[in-house]
Amino acid sequence: MSQVPTYDPQAVEARWQVRWAADHVNEPQLDRPHRPFYNLMMFPYPSAEGLHVGNMFAFTGADIYGRFRRLQGHDVFEPIGFDAFGIHSENYALQVGTHPAKLIPKNIETFRRQLRRFGGMFDWRHELSTTDPGYYKWTQWIFVQLFKAGLAFRKKAAVNWCPKDMSVVANEQVINGFCERHPDTKVEQRFLEQWFFAITRYAERLLTNLDRLDWSESTRTLQRNWIGRSEGAELGFETPGGQKIAVFTTRPDTVFGATYLVLAPEHPLVEALTADEQRRAVNAYRREVQAKDIVSRKVGDRAKTGVFLGSYARNPATGEAIPIWIADYVLMEYGTGAIMAVPAHDKRDFEFATAFQLPIRAVVRGEGSGPLPIVTEDGVLVNSGEFDGLPCREGGRRIVGWLQSRGLATPQVQYRLHDWCISRQRYWGPPIPIIYCDRCGPVAVPERDLPVELPLIEDFRPDASGVSPLARHKEWYFAKCPQCGAQGRRETDVSDTFLDSAWYFLRYPSSEFHDRPWDEQRTRTWLPVSTYIGGNEHAVLHLLYSRFVTMALQELGLVHFDEPFPKLRAHGLIIKDGAKMSKSRGNVVIPDAYIQKWGADTFRMYLMFLGPFQEGGDFRETGIIGIRRFLDKVWQLAHEALTPGSALPPEVERKLHQTIRKVTVDTETLNYNTAIAAMMEYVNLVRERGAGSKHAIEPLLLMLAPYAPHVAEELWAALGHERSIFTATWPTYDERLAAAGDVEIVVQVNGKVRGRLVVSRGASEAQVVALAMQDEAVKKFVDGQPVRKTVYVQDRLLNLVL
RNA sequence: GCGACCGUGGCGGAACUGGUAGACGCGCAGGACUUAGGAUCCUGUGGGGCAACCCGUGGGGGUUCGAGUCCCUCCGGUCGCACCA
């Protein structure tokens, strides 16, 4: 009997990583693949701290899936890259006093080393970094395409300004009024002229397409809520001065109960509608509101404040003159910036009317009719003229029709989604490729002049002026107008990082082409992405932006599909001691030391064994040993299984087929934890029966390969195979063999388990009942009483009801 | 406040369409082998009870022959949205 060598993960893993690279095993044929499979994972932001377990958890789960598909005969393309532009990187660079252009390559180097070490099946030929001019050339090119199509435009608007970042940020980057990157910093409101992408034009499509995407329901719900569609009508309230105040409402049925109007303090008509005697009060209020930051204005159940303008408008339904107020609970950015207040049927209006003693008129009678406000849409209309007695919904439709015929209403759909503000008054990003010319206006930089390179400047500090650092760089700032040749000025803002990542999946398969952003043939072959795996923290940001960009590109005829990620799976979060890992808590786990100690294979499997991949798990290092013991056992078994061996004992054979079935299903559905448990059960049985032959072990190694690729390769080779295990084929199972053998049937009396019987599969009810009645325990509980009813579940259970 | 998800041993977690609750692993206890062992192997391990049995999936109620799974209600937690008209 030969001596079994010791399992030394470091040696095994190093050996195979070198072999894989040398033999190009992870590099699929991109031009003529048989069964292309694009396995995408969300590329990391290369932080200075290096890859942490959260990243590794996500990448391992995605890599297992890719390797699984590979073994099932797909040509799997699994690229990786770096999302290295952005305020986050830049802030860190400022903090440590190193130029990001120096810092980022170092970080990327670290990430590369870690990503190679953990054994991902990456095709390194197609690595990309968003900071590479060869990449951001095309980010700028996309901007130009959208600009030419009228989808990128400049607009002066109230935008979110983060005083820490000293830049504007998108709505999606504001969390409860605080900056995404600075949870203690409230964003402010500034009126700036900024570049926007017209994502709202796609709101309806972004919403309806969700129905046909194979995404987890939670992610789709997040996007739906974010888009925030509401149906209603725009109603016109006329003033004696001839102005028409437009209000958006989702409850046109309650218009008879509108007893006053409220405009946002910033509403353009405020000036004109203010009566002289109210002017002082109105101006004071508007100043007060302006001084207040957005957060304290929007968040919380603040007491209502407001001021009467001193003028009136006509309720289009009742014809009554109703007072016009301004109040900060009405927001300029939603709807028309003005509302009709129906205090009887809206909580906010009710509070306001109560505070200022404004009239409250109920126009809906609900079931039971509780105290005001009655907000239900299930009631019937009252005090509404000819519409009395109609149910709310129908009444609403009829009222809109009636007002529409008088030019005072239009049915309308509103979205919560805003256009995407992409300007950033910062340095570390791709310059927006626009030149301002006094004669021609904003002109796109011609394609031949792209990229507009980000100049390497030492003084890249942002300031609070709202003007980018690039504006201080005069020789860069001035440029000739591409249209008329006159002296022009470059746009000095850079674009949002989320634009970089909104198209990276298009670049991967075509990354070697320098004359086109993506090759048409390659793109037709590989896209859309087969499976996308990533974190739910990007549910609205990255995923929504990517969908928008793809839709726009499709409409421009630049890609052949409108949804980039037909199948998306969100992984869970790894937590530590019940809490999210974060630098401030000091509980961030860095994988390197664990990989050093246990090896990448053990660590990969351990992470996957913590819990369901899509739910995450709690990291406790005590459990790692269990996985190591398992791999040790596999190692031992494989080395003892060098002979084909005789046929498997029936029990082992059955278990093998059951295991293949379970591991196949569980891997496909990303239930890696239970797949691993099934392999453990199988190994336990093989050992118990001493059945460790080649027959028993080879299928196990194939199933193990996605999870622990290095050790699987090593043992596969030890069993005499010359080619990589990833050129072999995933094992198949025989449903008949998996189901063979006897079964244990539970016998219940009145629903309580009283005995167990082993019978052959498919035994009839009569046979089982007869056997059960002979069982001592069962007999005791039946105790001679007549059995009123029997419930028999084939191969599972018999219940005797007395 | 609104919406979604969740609550199972000492711990992480299993349990297909309602059908043996606690798979698998950690930990723990006892034993074997050892100079030694934080290595390895074997046995046990939800709680109570000597046992027969009884009780157990956050609490209470319901449907059912049968409920962790379905329904109602309450409690607790996580996430998302939050004066969106």
Side-chain angles (χ1 to χ4, degrees), chain A residues 175-177 216-226 228-230 232 247-251 254 262 264 297-302 304 327-331 333-342 345-349 351-352 414-418 536-537 539-540 573 575 578 580 605-606 609-612 615-627 629-630 632-633 636 662 665 671 673-684 687 744-756 777 780-781 787-802:
Chain A
I175 297 165
N176 286 340
S216 66
E217 196 47 52
S218 63
T219 312
R220 291 194 289 178
T221 304
L222 288 175
Q223 290 219 348
R224 274 191 203 108
N225 292 345
W226 190 263
R229 182 184 202 272
S230 39
V247 307
F248 174 72
T249 178
T250 54
R251 293 296 303 276
T254 62
V262 189
R297 176 167 167 189
K298 275 190 174 176
V299 171
D301 295 321
R302 278 181 42 244
K304 295 279 181 290
D328 67 355
Y329 80 94
V330 174
L331 309 170
E333 71 228 41
Y334 188 78
T336 61
I339 61 153
M340 63 173 202
V342 186
H345 306 294
D346 182 281
K347 192 162 162 275
R348 298 152 300 180
D349 298 343
E351 284 169 13
F352 191 83
Q414 272 291 329
Y415 300 93
R416 208 187 73 105
L417 180 70
H418 284 48
N536 235 344
E537 69 272 18
V540 285
L573 217 61
I575 56 172
K580 216 182 256 184
M605 284 188 81
Y606 168 65
F609 193 59
L610 284 177
E615 279 161 44
D618 199 351
F619 186 94
R620 297 149 301 116
E621 46 191 282
T622 52
I624 302 179
I625 185 73
I627 296 289
R629 283 178 191 147
F630 167 71
D632 278 334
K633 290 174 194 169
Q636 187 78 21
K662 180 144 182 72
V665 170
N671 291 116
N673 56 333
T674 47
I676 293 169
M679 290 190 264
M680 288 173 164
E681 282 188 54
Y682 177 64
V683 163
N684 291 344
R687 280 162 51 88
E744 190 180 74
I745 287 189
V746 165
V747 181
Q748 296 182 337
V749 178
N750 282 340
K752 294 204 171 196
V753 178
R754 299 301 182 190
R756 285 146 214 270
K780 188 174 120 193
F781 281 93
V787 175
R788 278 187 13 234
K789 179 176 170 186
T790 61
V791 179
Y792 181 60
V793 181
Q794 184 82 61
D795 299 335
R796 278 193 166 273
L797 165 145
L798 173 71
N799 189 8
L800 303 171
V801 184
L802 304 182

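Letters A, B, ... are given to chains in the order of the sequence lines, protein chains preceding strands, and every chain is numbered from 1. Small disclaimer: the values here were computed from a predicted structure and weren't measured.
Listed candidates were B/rG13, B/rC65, B/rG25. Nearest to the side chain of A/Lys789 is B/rC65. Comparing B/rC65, B/rG80, B/rC53 by their nearest atom to the side chain of A/Leu222 picks out B/rG80. In this structure, of B/rC53, B/rC24, B/rG19, it is B/rG19 that holds the atom nearest to the side chain of A/Gln748. Across B/rA85, B/rC81, B/rC53, the shortest atom-to-atom separation from the side chain of A/Phe781 is found for B/rC53. Listed nucleotides: B/rA85, B/rU20, B/rG13. Nearest to the side chain of A/Val753: B/rU20. Set against B/rG13, B/rC65, B/rA85, the side chain of A/Asn673 has B/rG13 as its closest nucleotide.
The separation of B/rU45 from B/rG25, taken at their C1' atoms, amounts to 14 Å, rounded to a whole angstrom. Atom name P, nucleotides B/rA21 and B/rG58: the rounded distance is 16 Å, in whole Å. Comparing the same atom, C1', in B/rU73 and in B/rG22 gives a spacing of 28 Å after rounding to whole Å. Taking atom P on both nucleotides, B/rC2 is separated from B/rA85 by 16 Å, rounded to a whole Å. If you take atom P in B/rU78 and the same atom in B/rG46, they sit 31 Å apart, rounded to whole Å. Annotation: B/rC26 and B/rA32 have their P atoms spaced 22 Å apart (nearest Å). Comparing the same atom, C1', in B/rU8 and in B/rA14 gives a spacing of 10 Å after rounding to whole Å. One P atom belongs to B/rG48, the other to B/rU34, and the distance between them is 36 Å to the nearest Å.
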Query - Dot-bracket encoding of pairs in RNA chain B, which uses [ ] for pseudoknotted crossings and | for another strand, Watson-Crick or G-U under 3.5 angstrom - result: (((((((..(((......[....)))((((((.......))))))(((....)))..(((((..]....))))))))))))....
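When the side-chain nitrogen and oxygen atoms of A/Asn684 are compared with OP1 and OP2 of B/rG25, one or more of them lie within a distance under 4.0 Å. The phosphate of B/rA85 (OP1 or OP2) has a side-chain N or O of A/Ser230 nearer than 4.0 angstrom. In this structure, A/Arg416 reaches the B/rA82 phosphate: one of its side-chain N or O atoms is under 4.0 Å from OP1 or OP2. Remark: A/Arg754 is in phosphate contact with B/rC54, judged by side-chain N or O atoms under 4.0 Å from OP1 or OP2. Side-chain N/O atoms of A/Lys752 include one lying less than 4.0 angstrom from OP1 or OP2 on B/rC55. Of the side-chain N and O atoms in A/Arg796, one or more sit less than 4.0 angstrom from OP1 or OP2 of B/rU20. For A/Lys347, no side-chain nitrogen or oxygen approaches OP1 or OP2 of B/rA85 to under 4.0 Å.
Closest heavy-atom contact between A/Tyr606 and A/Ile627: CA-CG1, 3.7 Å. What you find for A/Val330 and A/Ala264 is that their closest heavy atoms are O-CB, 3.3 Å. Here the shortest heavy-atom pairing between A/Val342 and A/Thr254 reads CG2-OG1, 3.5 Å. The minimum heavy-atom distance linking A/Met680 with A/Gly626 is given by the pair CE-O, 4.4 Å. For the pair A/Phe352 and A/Lys304, the tightest heavy-atom approach, listed with the atom from each and the gap, is CD1-CB, 3.7 Å. Across all non-hydrogen atoms, the minimal contact from A/Phe248 to A/Thr336 is N-OG1, 3.7 Å.
A donor-acceptor pair is defined here as one N or O able to donate and one able to accept, closer than 3.5 Å; such a pair exists between the side chain of A/Asp346 and the backbone of A/Asp349. Between the side chain of A/His418 and the backbone N or O of A/Glu333 there is at least one donor-acceptor pair closer than 3.5 Å. Put simply, the side chain of A/Arg756 never gets that close to the backbone of A/Val746: no donor and acceptor are under 3.5 Å apart.
Rounded to whole angstrom, the span from the CE atom of A/Met679 across to the C1' atom of B/rC24 amounts to 12 Å. Atom CD of A/Glu744 and atom C1' of B/rA23 are 15 Å apart (whole Å). Remark: P of B/rU64 and CG of A/Asn799 are 15 Å apart, rounded to the nearest angstrom. In this entry the distance linking CD of A/Glu615 with C1' of B/rC5 reads 9 Å, nearest Å. Between the NZ atom of A/Lys662 and the C1' atom of B/rA23 there is a distance of 9 Å, rounded to whole Å. Straight-line distance from the CG atom of A/Asn536 to the P atom of B/rC81: 11 Å, rounded to whole Å. Atom C1' of nucleotide B/rC26 and atom OH of A/Tyr606 are separated by 9 Å, given to the nearest angstrom. When rounded to the nearest whole Å, the span between CG of A/Leu797 and P of B/rA67 equals 12 Å.
Each of A/Leu797, A/Leu800, A/Leu798 was compared with A/Gln748 under the side chain to side chain contact (heavy atoms under 4.5 Å, CB included) criterion, and only A/Leu797 meets it.
No hydrogens or angles were tested; on distance alone, nothing pairs the side chain of A/Asn225 with the base of B/rC81 as donor and acceptor under 3.5 Å.
Ranked by how close their nearest RNA chain B nucleotide is to the 5' end, A/Thr221 and A/Gly617 are led by A/Thr221. Each of A/Phe248 and A/Gly616 lies near RNA chain B, and the nucleotide nearest A/Gly616 is the one positioned closer to the 5' end.
Using a 4.0 Å heavy-atom cutoff across all strands shown, A/Val746 reaches at least one base atom of the nucleic acid.
Base orientation at B/rG58 is anti, since its O4'-C1' glycosidic dihedral falls outside 90° of 0.
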Report task. Sugar-phosphate atoms are those with a prime plus P, OP1 and OP2; base atoms are the rest. Using that split, label each nucleotide of nucleotides 38-45 of chain B B, S or - for protein heavy atoms under 4.0 Å, 5' to 3'. Result -> --SS----
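Atom CD of A/Gln794 sits in a crowded spot, with more than 12 heavy atoms from other residues, nucleotides or ligands closer than 6.0 Å.
A/Ala539 pairs by the side-chain contact (heavy atoms from CB on, under 4.5 Å) definition with A/Thr219, A/Leu222, A/Asn536, not counting sequence neighbours.
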